[in-house]
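I have placed the structure first, in the form of structure tokens, so that the comments after it can refer back to it.
As the structure lists them, so they are numbered: ligands from 1, and atoms in each ligand from 1. Hydrogens, waters and symmetry mates are skipped; everything else that's a heavy atom, side chains included, is used.
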Amino acid sequence: MVLKIGSILLSLLFIIACSSPSIDNNTVKEETNSIVNSKALYTLHCEACHGMDGTKGISGAANLKISKLTDFQIKHTIENGNDKGMMPFKDLINSETEFDSLVSFVKSLRN
Ligand code: HEC
């Protein structure tokens, strides 16, 4: 009985050991994809004013490197623009996923 449990545990360990590297690879791939996608979105819609590092400041664009906005405020700004009417991007961004990846890209520009 003890031997049987032992061998079951061993084979479980074996399965876990064999499957975990491929899980890791998938996670890395997904992360890489989402970084590429958000960067592409940012380049398409935001780079012209904010610059790739967030500091370009065209048309008085805020410096995103020193921005302290929360996720919600960033999303709200992208969606509804601001008092200068420079940023109403609601119609350009197609999905919640795109919004979320833009928000995390904006935050990745911070030091
Ligand atoms: C036409 C130029 C322009 C484009 C394109 C643009 N922005 Fe802006 N953005 C601005 C301006 C101007 C401000 C500053 C508004 C203010 O201070 O009231 C600003 C402010 C912001 C802020 C607020 C930062 C803070 O701390 O106040 C965020 C976040 C932001 N932009 C993100 C984006 C993202 C993401 C995109 C692309 C989807 C984008 N912007 C595209 C001009 C632009």
Name the closest protein heavy atom to atom 11 (C) of ligand 1, giving the residue it belongs to and the distance to 0.1 Å.
A61 CA, 3.2 Å
Would you say S59 and ligand 1 have an N/O pair spaced under 3.5 Å apart?
no
Please work out, at 4.0 Å between heavy atoms, whether the side chain, the backbone, both, or neither of Q73 comes within that distance of ligand 1.
neither
Let me confirm one number: the CG-OG distance from D100 to S38, rounded to the nearest 0.5 Å.
11.0 Å
heavy-atom search around atom 34 (C) of ligand 1 in the protein gives C46 SG, 3.4 Å
Which one of L41, I78, L69 has a non-hydrogen atom at the shortest distance from atom 23 (C) of ligand 1?
L69
H45 N/O under 3.5 Å from ligand 1 N/O
no
Between atom 8 (Fe) of ligand 1 and H50, is there an N, O or S atom separated by less than 2.8 Å?
yes
About how many Å separate CD of E47 and CG of D53, when rounded to the nearest 0.5 Å?
9.5 Å
If we set the cut-off at 4.0 Å for heavy atoms, which region of L92 has an atom near ligand 1: side chain, backbone, both, or neither?
neither
Measure from the side-chain N and O atoms of Y42 to the backbone N and O of G51, and report whether any donor-acceptor pair falls under 3.5 Å.
yes
Check ion pair D71-K107 (N to O, under 4.0 angstrom):
yes
